[in-house]
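Below you'll find the structure, written out as structure tokens, and then a few comments.
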4 protein chains.
Amino acid sequence: MVDGRRGRPRDPRSHEAIVQATCELLGEVGYERMSIEAVASRAGVGKQTVYRWWPSKGVLVAEAVLTGHLRLRTAPLDDTGDLRSDLGVWLDELTAALSDDRTASLVRATAAAAADDEHAAAQLYERFTGPAHQAVVARLTAAVAVGHVRPDADLAAAADALTGALVYRVLTRQDAVTPQRSRGLLDVVLSGLAPERGV
Amino acid sequence: MVDGRRGRPRDPRSHEAIVQATCELLGEVGYERMSIEAVASRAGVGKQTVYRWWPSKGVLVAEAVLTGHLRLRTAPLDDTGDLRSDLGVWLDELTAALSDDRTASLVRATAAAAADDEHAAAQLYERFTGPAHQAVVARLTAAVAVGHVRPDADLAAAADALTGALVYRVLTRQDAVTPQRSRGLLDVVLSGLAPERGV
Amino acid sequence: MVDGRRGRPRDPRSHEAIVQATCELLGEVGYERMSIEAVASRAGVGKQTVYRWWPSKGVLVAEAVLTGHLRLRTAPLDDTGDLRSDLGVWLDELTAALSDDRTASLVRATAAAAADDEHAAAQLYERFTGPAHQAVVARLTAAVAVGHVRPDADLAAAADALTGALVYRVLTRQDAVTPQRSRGLLDVVLSGLAPERGV
Amino acid sequence: MVDGRRGRPRDPRSHEAIVQATCELLGEVGYERMSIEAVASRAGVGKQTVYRWWPSKGVLVAEAVLTGHLRLRTAPLDDTGDLRSDLGVWLDELTAALSDDRTASLVRATAAAAADDEHAAAQLYERFTGPAHQAVVARLTAAVAVGHVRPDADLAAAADALTGALVYRVLTRQDAVTPQRSRGLLDVVLSGLAPERGV
DNA sequence: TCGTAATCGAGACGGTACGTCTAGTCTTAGG
DNA sequence: CCTAAGACTAGACGTACCGTCTCGATTACGA
């Protein structure tokens, strides 16, 4: 009799409208000034429907931003055999995304959500930071195997350096990272990872 | 007649009490849940006294945290002639500071303030991010002059990589950076900056 | 095929459970704080089942209270030939009922329902106030016929005075009517109705 | 230093606007459908300003209605020496007031408030019911002294009968009391109070 | 030794948003 | 067609803070 599936099923249109409205408002007014009431109102939804499915503003923001609206690569990097080129493609993608004001604003909002709420921070890690970091480390590990990277290097530290440098500038609201700066960064890190030449 | 100095002068004890209360509350409840009312109440001060001297919560937090309570080095790095050692000292200091939960919490609060408010972001840059970045770049520039760093390297990118990697982990609430990780990071970056060996 | 009796017939147990739960909750929290949700929940019934059979909270309360749970006489009064005794019995019954806290609470709830909703007020009149008033007037009319009440008296006014005086005290939350007060009331009204003696 | 008078003093205009808005809304939508939000909005006042000074809706309504907007006599009745005339004047006043739809609506609202909240009921008693009852009893007591009322009559019961009968009709939403009915009521009660004639 | 002026703590003001509760409707699966 | 369950939009609840605005009470300086 009781099968766990009684009652009206949730409406997926409401869910989608809430996520959409959240991203719009984050882009318009930022994390701090975004209110759940405004989200509900813009989504054409009762407030309770927001609270029914998301426990807090931080988690809503993390999920909304990371599900489909912050298009940053978390998939494995290409492996063409040319490490510099593969990382360059990945870095250019990231640089381009962060150069967009809207995207930068969403990233700042996610950081604010993570600073505010550790459940949001956990979401951020599981859905974005972790996979992205893992993808870079995986590509570097493959490069070690074919001798393009020295085996004693701390690959995780290198991955942190690449992503951290970019995100850091967004959070401190410096000018966007230019392609030159991006190249310089890649150059420093790749040189640091290179096997001893000529010895 | 009007000399700008008439009337009761401000009470420095109030100013100090407000800064103190702000830091305490940030540590206890975080940026988002810290309220001006709570600050005023704990400082034993009227709300107006807060608003008289700080235009917004973000700026108050930025100033309170950066003035005297977040003890991160912005002064020039030592130059003993040994670049790896000098940067190691600086990095260890930073790592140690960020390993402290209270300090990490204040850093997250500052990031949230910067994400929230561009005046706070500007304060953050002028008082902390900028000077620290500049100090590292200065030390690297000196190293270029004596041939310890190759002249074509992007020193600013290297500085971003060092600080960004550390801050990034704090913001995403990963485990604190270990000394090993810190060494690995320094190794990657310094190797990347080293002049061509053996050619 | 269409015979007006298709589908599952209504479950009388649900109806009774709703009425029961309504009266319990009225006694516990009063009219204002009683919610349809709480009624449905306590009755083990879906909300829709309440709304299907009662158009509003006021009407539900009026029906629940007046059907079987507020045991006040609306039937004709006894006519033993002794008017004072017959009215005394009726008045004592009423006084006793209103002395009970639970019953007083239900009466107040009914008044609140009537103040709130004119459909509830109509129910109250049709089911309780009207019949009770009519029963008293009928007994007085019989008394006029046998010369125990002067023919020019306003019998309806007398009936209003008797019931109104009692209900008034319940609504204003005065101390319950004592038997003495009840006797005093009956005495005043009956004296006022008595035919001229001795003239 | 602390003298209980620190801080900004309350604004009497807000108080008055709230009382005014409460009475208007009660007349328009009734007690149940009147919301504090609507009161605050119509009064041009923050919600907190309502909650700062009134603990609940019931008490607000009781105070608003009884302070200046329900103009029912609580002052002593005239004593011209003619009891029937004096009570007649008082009863006519009351009848006239209750014949007005707006006033009847306010009375029903007050009853609902009293049913809902015992603090409101206490206010109702202290400010209106009690004094009015007392005024009638006082006039009757004076009449006893001059032999116009028999000394053994229960004067409080008589006062209850007079006011109760009228209020009862308002609460049960019967037709307004007509002057004839009012006269009939007065006649029954006064006859009941009259000293024995002719014996 | 007075004003005049700016400060202080306190706290009320008009508001916005919070997170919860309920209203009344609708949609499912199942007697 | 009825039932229990429970999601839906809507909106009020009472609380917490926002940033502004009086208050009375302190301090200073210049007249």
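Not a single donor-acceptor contact under 3.5 angstrom links the side-chain atoms of Arg8(A) to the base of dC8(F).
An OP1 or OP2 oxygen of dA23(E) is reached within less than 4.0 angstrom by no side-chain nitrogen or oxygen of Trp54(C). Trp53(B) has no side-chain polar atom (N or O) that falls below the 4.0 Å cut-off from OP1 or OP2 of dA6(E).
The shortest non-hydrogen separation linking Arg173(D) to Ala115(C) is NH2-O, 2.6 Å. Nearest approach of Asp117(D) to Gly58(D), heavy atoms of both residues: OD2-CA, 4.0 Å. Considering every non-hydrogen atom in both Asp116(A) and Arg33(B), the closest pair reads O-NH2, 2.8 Å.
Between Arg13(A) atom CZ and dT9(F) atom C1' the separation is 13 Å, expressed in whole Å. One can place CZ of Arg33(D) at 19 Å from P of dT22(E), the figure rounded to the nearest angstrom. A straight line from NE2 of His15(D) to P of dG14(E) spans 13 Å, rounded to a whole angstrom. We find that CD1 of Ile18(C) is positioned 13 Å from P of dC2(F), with the value rounded to whole Å. Taking atom CZ of Arg6(B) as the reference point, atom P of dA5(E) lies 6 Å away to the nearest angstrom. Arg42(B) places its CZ atom 13 Å from the P atom of dC17(F), with the value rounded to the nearest Å. Per the geometry, CG belonging to Leu60(C) stands 14 Å off C1' belonging to dG24(E), to the nearest Å.
Mapping Arg52(B) and Tyr51(A) onto DNA chain E by nearest heavy atom places Arg52(B) closer to the 5' end of the strand. Comparing Pro9(D) and Pro55(B) along DNA chain F, the residue whose closest nucleotide (by nearest heavy atom) sits nearer the 5' end is Pro55(B). Each of Pro12(A) and Thr49(C) was assigned the nucleotide of DNA chain F with the nearest heavy atom; the assignment lying further toward the 5' end belongs to Thr49(C). Heavy-atom nearest nucleotides on DNA chain E were determined for Asp11(B) and for Ala38(A), and the one closer to the 5' end corresponds to Asp11(B).
Among the nucleotides dA12(E), dC8(F), dT7(E), the one closest to any side-chain atom of Arg10(B) is dT7(E). When distances run from any side-chain atom of Ser14(A) to the nucleotides dG24(E), dT22(F), dC8(F), the shortest one goes to dC8(F).
Every pair passing ring pair (Phe, Tyr, Trp, His ring centres under 6.0 Å) that includes a residue from residues 6-43 of chain B is listed here, sequence neighbours excluded: His15(B)-Trp54(B).
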Nucleotide N/O of nucleotides 10-12 of chain F paired with protein N/O under 3.5 Å:
none

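Checked against side chain to side chain contact (heavy atoms under 4.5 Å, CB included), Thr49(B) has the following partners two or more places apart in sequence or in another chain: Ser14(B), Ile18(B), Val45(B), Arg52(B), Trp53(B).
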Evaluate side-chain contact (heavy atoms from CB on, under 4.5 Å) for Arg102(D) paired with Glu28(D), printing each intermediate quantity in order. CA-CA 9 Å; Arg102(D) 203 66 155 214; Glu28(D) 291 169 21; 4.3 Å; yes
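For the atom pair OG (Ser35(D)) and NZ (Lys57(D)), the distance works out to 7.5 Å, reported to the nearest 0.5 Å.
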